[in-house]
Amino acid sequence: GFYFFDCQTLLLAFLVILSEVIANGIGLSKKTNGIVPGVWSPIFLASLSFLLFESIIYPSVVLATGASYFASTSPWVMALSKIIVPALMLGDYLLFGEKGTVKWKHPIFWSLYPLFYFAFCLLVQRIFNQQFAIVKFFVPSTFANTSAFLAGNGGWNGVVLSCVSAWLGYIALAYLMVFLNFVYAGAYRKRTPTDVI
């Protein structure tokens, strides 16, 4: 359902790619001398970072809960949502995406979505009584029989630590993507006198 982070990120990615295709189609029909409009690079990169983060964090949650990687749905859906769509979107960005326009402040704004999603996970079990894997992971009972530190406060130490760790992991991934964006744009290469002229 819509409660899942991967469903939300795939929907966002679909909207971003659809917008890109529409903008490209309009730009190509207007004959813009090789400059084709697209989606603003920070939005495209934010959507890509959510997909990559979800593709990295999902196996971690699955391993921690003891579930099977393909247990939640059909193998085709899992392969499309966790492997193929992120790989295609990354390839689209590397081949055709605008480079160098993302700013160092953008990951701070992007990180609000995962932060609110973790809060949503904590609330959804109480309000909607949902029991999907990510909600089951972010509950105190998951950490009740672990180390004394994680089991402290009835398991809430583990919940808070895992949420903060995942959020910091996302921020690290987002900043790595911004750094690689600048590297790929040539912002850190050594300038020669011919570059100035």
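Along the sequence shown, the residues carry numbers beginning at 1.
Tyr93 is linked by a ring pair (Phe, Tyr, Trp, His ring centres under 6.0 Å) to nothing, counting only residues two or more places apart in sequence or in another chain. Residues satisfying the ring pair (Phe, Tyr, Trp, His ring centres under 6.0 Å) criterion with Phe182, sequence neighbours excluded, are Trp104. Tyr113 is linked by a side chain to side chain donor-acceptor pair (under 3.5 Å) to Gln8, counting only residues two or more places apart in sequence or in another chain. Legend: residues meeting ring pair (Phe, Tyr, Trp, His ring centres under 6.0 Å) with Trp167, ordered by chain and number and at least two apart, are absent. Remark: Phe53 engages Tyr170 in a ring pair (Phe, Tyr, Trp, His ring centres under 6.0 Å) (not counting sequence neighbours).
Counting only distance, with no hydrogens or angles, the side chain of Tyr175 and the backbone of Pro107 share no donor-acceptor pair below 3.5 Å. The closest donor-acceptor contact from the side chain of Lys82 to the backbone of Leu80 lies at 3.5 Å or more, if one exists at all. A distance-only check finds a donor-acceptor pair linking the side chain of Ser55 to the backbone of Leu51 [under 3.5 Å]. Judged by distance alone, with hydrogens and angles left aside, the side-chain atoms of Asn181 form a donor-acceptor pair with the main-chain N or O of Gly100 at under 3.5 Å. A donor-acceptor pair under 3.5 Å is formed between the side chain of Ser49 and the backbone N or O of Ala46.
The distance from the CH2 atom of Trp76 to the OG atom of Ser81 is 13.0 Å, given to the nearest 0.5 Å. Rounded to the nearest 0.5 angstrom, Ser19 OG and Trp40 CH2 are separated by 14.0 Å. If you take CG on Leu168 and CG on Leu173, they are separated by 12.5 Å, rounding to the nearest 0.5 Å. Rounding to the nearest 0.5 Å gives a distance of 11.0 Å between CD of Glu20 and CD1 of Ile43.
If you chain together ILVMFWY residues whose side-chain heavy atoms come under 4.5 Å of each other, Phe109 ends up in a group of its own.
Nearest heavy-atom pair across Met89 and Ser47 is CE-OG, 3.3 Å. For the residue pair His106 and Thr101, the shortest heavy atom distance occurs at CE1-O, 4.2 Å. Nearest heavy-atom pair across Ala166 and Ile57 is CB-CD1, 4.1 Å. Residues Trp110 and Ala174 share a closest heavy-atom pair of CE3-CB, 3.8 Å. Between Val102 and Val178, the shortest heavy-atom distance links the atoms CG1-CG2, 3.6 Å.
In the hydrophobic cluster analysis, where Ile, Leu, Val, Met, Phe, Trp and Tyr join through side-chain heavy atoms closer than 4.5 angstrom, Ile108 is grouped together with Phe118. Following chains of ILVMFWY side-chain contacts shorter than 4.5 Å, one cannot reach Ile84 starting from Leu94, and the two form parts of different hydrophobic clusters. Cluster membership for Leu88 and Ile22, using ILVMFWY side-chain heavy atoms within less than 4.5 angstrom, is not shared. In the hydrophobic clustering of this structure, Phe96 does not group with Phe14; members are Ile, Leu, Val, Met, Phe, Trp, Tyr whose side-chain heavy atoms approach within less than 4.5 Å, directly or through other members. One hydrophobic cluster holds both Leu115 and Val164 under the rule that ILVMFWY side chains link at heavy-atom gaps under 4.5 Å.
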